[in-house]
Protein chains: 2
Amino acid sequence: MIDARGLRMTPVRRRTLEILLERHGALGAYEILERLSADGFGHQPPVAYRALDFLVENGLAHRIRRLNAFAACQHPGQEHHAAFLICRLCNAVAEIAADKLRATLIASSAATGFDLERTSIEALGLCPACIESAPA
Amino acid sequence: MIDARGLRMTPVRRRTLEILLERHGALGAYEILERLSADGFGHQPPVAYRALDFLVENGLAHRIRRLNAFAACQHPGQEHHAAFLICRLCNAVAEIAADKLRATLIASSAATGFDLERTSIEALGLCPACIESAPA
DNA sequence: CTGTGCGGGTTATAGTATTACATAACGCCT
DNA sequence: AGGCGTTATGTAATACTATAACCCGCACAG
């Protein structure tokens, strides 16, 4: 049960990822927990949080802090750093590449002596669909 | 009680800002609430959250999502957009300019039809002081 | 004055996340 | 195969963060 990269993709973890993939967009930990427990897994928060931590840690999912939620990664397997565009009306989450942004950020922070390890870049606004349907 | 910009800097709000300024770094809403209530203001969460929302809304403080905390703005009065460098050991928060980053982000997101309104850019890592004291 | 809006106080509750501990499964080594 | 250390899963309990809803009072405009 260990894949090429040394990952242990156990049943809870796999199911958690599937749940995230089924939904396009972000899901809260407790929504995920409901589904997991409906599928026979544990009923307590740590069950969901642990699986989610694992997925995030291994680049299979992202945590969207502004929504206190999680979303499946759109480009798993590729080393990449993402930024998220979050619609304030429909809560849709789009993932865009942020490698350049991150490089800039690393440069700026290095200038202050800070050793940057992880970034989280999120933006709030209106998605194309909501711009259509919501007039000025 | 209305300043040049039309801001109502009431006693709770002023005190909240002072509390943030006294501490270099970020403070949770409940820590702030404790101090406010010790100073004779209300004892309930909305007291703190409302004051903080006001300060954030008016560019006098920032919300640090990764820490679920708030910090006084280092450059109040100036229109600017900030990014935050958060030390994972001591939780110190440094504010750096992010106007360029934001411009890049706006450009990228516009390409997808997204109308970007607000950004939150945070990075986790080690501050200079903790790099010193924590060897590899 | 007096009505209106904003600020601030309260109670109550919703929502998010973690600690701590016990048990079970796995991977590895002999 | 058997035993052992490590990792994963499950549970209970609780901590932490945030918001909703309602009331009152004051400042200001009319």
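The analysis underlying the following values was restricted to heavy atoms, covering all of them including side chains, and did not include hydrogens, waters or symmetry mates. In what follows, every chain begins at residue 1, and chains take the letters A, B, ... in the order their sequences are listed.
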| From CA spacing to verdict: side chain to side chain contact (heavy atoms under 4.5 Å, CB included), Arg118(A), Arg66(B) | CA-CA 11 Å; Arg118(A) 311 181 60 113; Arg66(B) 184 152 223 137; 4.2 Å; yes
| query | Please walk me through it: do Thr104(A) and Lys100(B) pass side chain to side chain contact (heavy atoms under 4.5 Å, CB included)? | reply | CA-CA 9 Å; Thr104(A) 307; Lys100(B) 272 191 189 157; 5.7 Å; no
| request: Go through the steps to decide whether Phe84(B) and Ile121(B) satisfy the test side chain to side chain contact (heavy atoms under 4.5 Å, CB included), and finish with yes or no. | output: CA-CA 6 Å; Phe84(B) 302 95; Ile121(B) 302 177; over 6 Å; no
| Between Leu105(A) and Leu101(A), is a side chain to side chain contact (heavy atoms under 4.5 Å, CB included) present by the stated rule, with each step listed? | CA-CA 6 Å; Leu105(A) 201 46; Leu101(A) 281 170; over 6 Å; no
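For Asp53(A), the side chain to side chain contact (heavy atoms under 4.5 Å, CB included) test picks out Arg63(A), with sequence neighbours left out. Residues passing the side chain to side chain contact (heavy atoms under 4.5 Å, CB included) test with Glu31(A) are Arg23(A), Leu27(A), sequence neighbours excluded. Qualifying side-chain hydrogen bond (donor to acceptor under 3.5 Å, both in side chains) partners for Glu22(A), counting only residues two or more places apart in sequence or in other chains: Arg15(A). For Ile106(B), the side chain to side chain contact (heavy atoms under 4.5 Å, CB included) partners two or more places apart in sequence, or in a different chain, are Arg102(B), Leu116(B). For Pro45(A), the side chain to side chain contact (heavy atoms under 4.5 Å, CB included) partners at least two apart in sequence or on another chain are Tyr30(A), Leu33(A), Tyr49(A).
The nucleotide whose nearest atom lies closest to any side-chain atom of Tyr49(A) is, among dA18(D), dT16(C), dG10(D), dT16(C). Distances from the side chain of Pro45(B) to the nucleotides dA18(D), dA17(C), dT11(D) place dA18(D) closest. Closest to the Val47(A) side chain, of the nucleotides dA18(D), dG10(D), dT16(C), is dG10(D).
Residues from residues 16-25 of chain B that place a heavy atom under 4.0 Å from any atom of DNA chain C: there are none. Using a 4.0 Å cut-off on heavy atoms, the residues of residues 27-35 of chain A that approach DNA chain C are Tyr30(A), listed by number.
The separation between Asp53(B) atom CG and dA20(D) atom P is 11 Å, rounded to whole Å. In this structure, NE2 of His43(A) is placed 15 Å from P of dA13(D), rounded to the nearest angstrom. Rounding to whole angstrom units, CZ of residue Phe41(A) and P of dA25(C) are separated by 14 Å. Atom pair Leu67(A):CG and dT19(D):P shows a separation of 13 Å (rounding to whole Å applied). Spacing between atom CD1 of Ile64(A) and atom C1' of dA17(C) amounts to 17 Å, rounded to whole angstrom units. The separation between Asp39(B) atom CG and dG9(C) atom P is 12 Å, rounded to whole Å. dT16(C) atom C1' lies 13 Å from atom CZ of Arg65(B), rounded to whole Å. The nearest whole Å value for the distance from the CG atom in Leu52(B) to the P atom in dT19(D) is 11 Å.
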For nucleotides 6-8 of chain D, give me every protein contact, N/O to N/O, under 3.5 Å, one pair per line with atom names.
unit_1, atom_1, unit_2, atom_2, d
dA8(D), OP1, Arg13(A), NH1, 3.2
dA8(D), OP1, Arg13(A), NH2, 3.4

Dump every N/O contact between nucleotides 21-24 of chain C and the protein below 3.5 Å, one line per pair.
none

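Axis deviation across the helix from dC1(C)-dG30(D) to dT30(C)-dA1(D) amounts to 30°, comparing end segments of five pairs, rounded to 10 degrees.
Taking CD1 of Ile32(A) as the reference point, atom CZ of Phe70(A) lies at 6.5 Å (rounded to 0.5 Å). For the atom pair Leu55(A) CG and Arg50(A) CZ, the distance stands at 13.5 Å (nearest 0.5 Å). Considering CZ of Arg8(A) and CZ of Phe54(A), their distance stands at 8.5 Å, rounded to 0.5 Å.
In this structure, Asn68(B) does not reach the dT16(C) phosphate: none of its side-chain N or O atoms is under 4.0 Å from OP1 or OP2. Side-chain N/O atoms of Gln44(B) include none lying less than 4.0 angstrom from OP1 or OP2 on dG9(C).
By the neighbour-count criterion of 12 heavy atoms within 6.0 Å, atom NE2 of His24(B) is sparsely surrounded, having that number or fewer from other residues, nucleotides or ligands.
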Which atom pairs, one a donor and one an acceptor, fall under 3.5 Å between side chains of residues 85-96 of chain A and the rest of the protein, sequence neighbours left out?
unit_1, atom_1, unit_2, atom_2, d
Arg88(A), NE, Glu117(B), OE1, 2.6
Arg88(A), NE, Glu117(B), OE2, 3.3
Arg88(A), NH2, Glu117(B), OE2, 2.8
Glu95(A), OE1, Gln74(A), N, 2.9
Glu95(A), OE2, His62(A), NE2, 3.2
Glu95(A), OE2, His80(A), NE2, 3.1

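Using a 4.0 Å heavy-atom criterion, one finds that Arg63(B) contacts the sugar-phosphate atoms exclusively.
The list of side chain to side chain donor-acceptor pair (under 3.5 Å) pairs with a residue in residues 106-115 of chain A, not counting sequence neighbours, is empty.
There is no path of hydrophobic side-chain contacts, each under 4.5 Å, that joins Val56(B) to Ile64(B). Neither Leu67(A) nor Leu21(A) shares a network with the other; the hydrophobic side chains, linked directly or stepwise wherever heavy atoms of I, L, V, M, F, W or Y lie under 4.5 Å apart, form separate groups for each.
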